[in-house]
Amino acid sequence: SEAPHIPHTPPRYFFGEKVLGSTQSYHLDMIRALDLQIKTVLDELDRRNLRKETMILFLSDNGGLPANTGLRAGTRGHDTSLGRRGTKGQPYEGGHRVPFVLDWRGGMLDVKQRGRDGRHVLSDLISITDIYRTIVELVDVEVSPDQATDSISFAHLLPLRKVSPTSSSPRSSRNDFFTILNTTFD
């Protein structure tokens, strides 16, 4: 999806649901369009009984847009950086800390390790490039050690029933600043 990248051009409707003008700004209309797209995919997975077999990852590649972009996103109760300093394209936490949601209902996530609200939140430093090695490890697939050499598995940080690292999963600490992972499982 292009949401919520500029230029913001929300559709009038998405599968019969009003989008254009349904929120306080075109930016938020695009977020609504994205929500409806995700709902469509999840509904189809449920219809085909594939939801438990599907790992769903939802994340952003940058911090939120600044309020001064003419989008009014920060002026009506929508703070794209959740009060953190900086926004997209800036070196501050608000420009790099992004949400990352992983849902794998039939996978190896251990529901006993969840908090009282049914979620497990991580605040560990990872990079979007780390997703490759993590998925490879979670699904126990062997890959060549020379593939994705900048990817480091974070499977050991997840509440798993069992983790069996493959020989191609490098274990080292991340010294570079990339992004912070705030993960919610529900």
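Start at 1 with the first residue, then count along the sequence.
Two residues are said to be in side-chain contact when any heavy atoms from C-beta on lie closer than 4.5 Å; I38 and F58 meet this criterion. Between S22 and D29 there is a side-chain heavy-atom pair separated by less than 4.5 Å. Residues L158 and L138 have side chains in contact (heavy-atom distance under 4.5 Å, counting atoms from C-beta outward).
In terms of the side-chain contact (heavy atoms from CB on, under 4.5 Å) criterion, residue partners of R48 (sequence neighbours excluded) are, by chain and number, E44, L50.
Looking at every heavy atom in both residues, V19 comes nearest to P10 through CG1-CB, 4.0 Å. Smallest separation of non-hydrogen atoms from Y132 and Q147: OH-OE1, 3.0 Å. Scanning all heavy atoms of the two residues, the minimum distance from I56 to L45 falls at CD1-CD1, 4.1 Å. When every heavy atom of V98 is checked against every heavy atom of D61, the shortest pair comes out as CG1-C, 4.4 Å. Across all their heavy atoms, T149 and D146 have their closest contact at CG2-O, 3.5 Å.
Distance OG1/T129 to CD1/I152: 7.5 Å, rounded to 0.5 Å. Considering OH of Y92 and OG1 of T87, their distance stands at 10.5 Å, rounded to 0.5 Å. Between the CD1 atom in I126 and the CZ atom in R133 there is a gap of 15.0 Å [rounded to 0.5 Å]. Going from atom CZ of R51 over to atom CG of D43 covers 8.5 Å, rounded to the nearest 0.5 Å. Expressed to the nearest 0.5 Å, how far OG of S60 lies from NZ of K88 amounts to 7.5 Å.
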Self-check item: Working for side chain to side chain contact (heavy atoms under 4.5 Å, CB included), residues I128 and L59
Solution: CA-CA 9 Å; I128 198 168; L59 64 149; 3.4 Å; yes
Practice problem: Step by step, work out the side chain to side chain contact (heavy atoms under 4.5 Å, CB included) result for Y26 and L20. | Solution: CA-CA 7 Å; Y26 288 155; L20 183 62; 3.5 Å; yes
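Judged purely by atom type and a 3.5 angstrom limit, D130 uses its side chain to pair as donor or acceptor with the backbone of S127. Between the side chain of H96 and the main chain of G89, no donor-acceptor pair closer than 3.5 Å is present.
Linking ILVMFWY side-chain heavy atoms closer than 4.5 Å, directly or via other members, places F14 and I31 in two distinct hydrophobic clusters. L28 and L36 are members of different hydrophobic clusters when ILVMFWY side chains are connected at heavy-atom separations under 4.5 Å. Residues V41 and F15 do not share a hydrophobic cluster, clusters being chains of Ile/Leu/Val/Met/Phe/Trp/Tyr side chains in contact below 4.5 Å. Following chains of ILVMFWY side-chain contacts shorter than 4.5 Å, one can reach L157 starting from L57, so the two form part of one hydrophobic cluster.
L34 pairs with exactly one of R32, Q37, M30 by the side chain to side chain contact (heavy atoms under 4.5 Å, CB included) rule, that one being Q37.
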